[in-house]
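Note sheet for the following structure.
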Number of protein chains: 2
Amino acid sequence: MELYLERGFGQTTVAQIAERAGVTERTFFRYFTDKREMLFDGSERLQQLMVDAVAGSPADATPLDSIGTALDAVGSVFVDLTRSRTRQVIIDSDESLQERELIKRDRLATAITGALRDRGVEEPVASLAAQTGIGVFHVAFASWIAPGNTLGYAEIARNLLAELRIVTNGS
Amino acid sequence: MELYLERGFGQTTVAQIAERAGVTERTFFRYFTDKREMLFDGSERLQQLMVDAVAGSPADATPLDSIGTALDAVGSVFVDLTRSRTRQVIIDSDESLQERELIKRDRLATAITGALRDRGVEEPVASLAAQTGIGVFHVAFASWIAPGNTLGYAEIARNLLAELRIVTNGS
DNA sequence: GTCTATAGTACGATAGAC
DNA sequence: GTCTATCGTACTATAGAC
């Protein structure tokens with residue numbers, strides 16, 4: 001991340017990263033499938049937290065309630081605001097990094113769809129709820145790291161989920 | 001697309017594509033920024049249709065109503081079911097193509113957010129509605145090309161939007 | 001650890017259309 | 001004469017094969 005900030009992602013070569021880390025290029029590619037992947041280390045953990053939350057939500061919870069527990073469950077991940085902001089600056093600077101971020105988000109949605117289905121939620125409701133939930137998650141994260149924001153992630157996510165219910169309750 | 005089906009996307013070189021098209025590699029890269037982009041030709045048109053629909057929706061329409069008009073507006077694009085299915089088989093076979101598809105979808109969401117904001121919809125409602133709308137769009141498209149489906153895209157999209165209102169109207 | 005294919009870039013030349 | 005389209009070549013870095 002130091003190098004990506006210094007020279008830009010596209011201008012940073014794997015050779016430079018490997019050198020600063022004191023390893024060879026080959027070793028770099030042993031740890032990360034490609035240059036982008038290193039910025040998305042925590043994604044499996046995030047996914048696991050959300051899936052577990054859905055699986056563990058009350059039996060009488062609606063699909064959207066389950067989504068709510070998933071949004072709550074990842075609060076512990078989003079604490080270091082400065083680091084999240086820095087990381088996002090890098091991602092926003094490069095289109096291929098945005099692509100990678102989006103596929104992570106999509107895998108998340110797919111995993112949540114599966115967790116809902118495991119609870120007996122039928123299609124297309126499972127997909128619909130998961131997609132919507134990830135949408136809320138994304139907006140919540142973006143709001144959290146937005147300049148000037150003082151609220152915590154968890155609070156924002158809860159507010160947005162409530163807002164969603166209002167928005168979709170229109171005439 | 002012929003070559004991508006014959007040999008697989010990853011196994012197809014730009015040289016082969018250029019040869020079959022009767023041009024040089026250099027010319028290929030004049031038309032497409034990269035190997036993936038050629039599969040996403042219609043995306044600007046799709047985006048324009050949706051943005052125009054939102055902009056042209058009735059003044060008293062709720063954000064979600066505007067989304068509804070956008071979902072309707074693209075019905076004319078999704079007619080050739082066989083071609084859409086073939087294209088999706090290719091995309092689903094390669095992760096980098098899925099990434100590209102997702103960034104197109106994300107740009108769509110961003111554009112719709114802007115169109116809603118232009119109508120006076122404030123944040124975070126604009127983002128929330130746009131994200132949700134794109135989620136519905138995606139599920140609708142997937143349902144449309146799913147094996148065995150006999151419904152048209154427009155009908156599916158309408159049903160799903162109605163379904164969404166129910167899902168988010170929970171206890 | 002070594003080797004290599006290929007995507008993608010940079011810069012430049014040429015030539016036809018109107 | 002200007003604009004636009006194709007082609008030529010050399011090069012780098014990624015990423016995969018072995």
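By convention in this document, chain letters (A, B, ...) are assigned in the order of the sequence lines, proteins followed by strands, and residues within each chain are numbered from 1.
When rounded to the nearest whole Å, the span between CD1 of B:Ile17 and C1' of C:dT6 equals 12 Å. When rounded to the nearest whole Å, the span between CD of B:Glu25 and C1' of D:dC11 equals 14 Å. In this entry the distance linking CZ of A:Arg100 with P of D:dT14 reads 14 Å, nearest Å. Nucleotide C:dG1 holds its P atom 9 Å from the CZ atom of A:Arg26, rounded to whole Å. Between B:Lys35 atom NZ and D:dT14 atom P there is a gap of 18 Å when expressed in whole angstrom units. Rounded to an integer number of Å, the gap from B:Phe9 CZ to D:dA15 P is 13 Å. Atom pair A:Phe28:CZ and D:dG16:P shows a separation of 12 Å (rounding to whole Å applied). When rounded to the nearest whole Å, the span between CD of A:Gln11 and P of D:dT14 equals 11 Å.
Using a 4.0 Å heavy-atom distance criterion, B:Tyr31 is classed as a sugar-phosphate-only contact. Among the heavy atoms of the strands lying under 4.0 Å from A:Thr12 are primed sugar atoms or P, OP1, OP2 only; no base atom is included. Residue A:Thr27 is classed as having no contact, given no heavy-atom separation below 4.0 Å to the nucleic acid.
One finds a side-chain N or O of B:Arg30 lying less than 4.0 angstrom from the OP1 or OP2 phosphate oxygen of D:dT6.
A salt bridge links B:Arg117 to B:Glu122: at least one charged side-chain nitrogen sits closer than 4.0 Å to a carboxylate oxygen. A salt bridge links A:Glu37 and A:Lys104; the closest N-O separation between the charged side-chain nitrogens and carboxylate oxygens is under 4.0 Å.
Between D:dT14, C:dA7, C:dG8, one nucleotide has an atom nearer to the side chain of A:Val14 than all others, and that is D:dT14. For A:Phe29, the side-chain atoms get nearest to D:dT14 when compared with the rest of C:dG8, D:dT14, D:dC7.
A:Leu5 and A:Phe40 fall within the same hydrophobic cluster, where Ile, Leu, Val, Met, Phe, Trp and Tyr residues are linked whenever their side-chain heavy atoms come under 4.5 Å apart, directly or through other members.
With a 6.0 Å radius and a threshold of 12 heavy atoms from other residues, nucleotides or ligands, B:Glu2 has its CD atom at or below the threshold.
Distance alone, capped at 3.5 Å, places no donor-acceptor pair between the B:Asp94 side chain and the B:Phe9 backbone.
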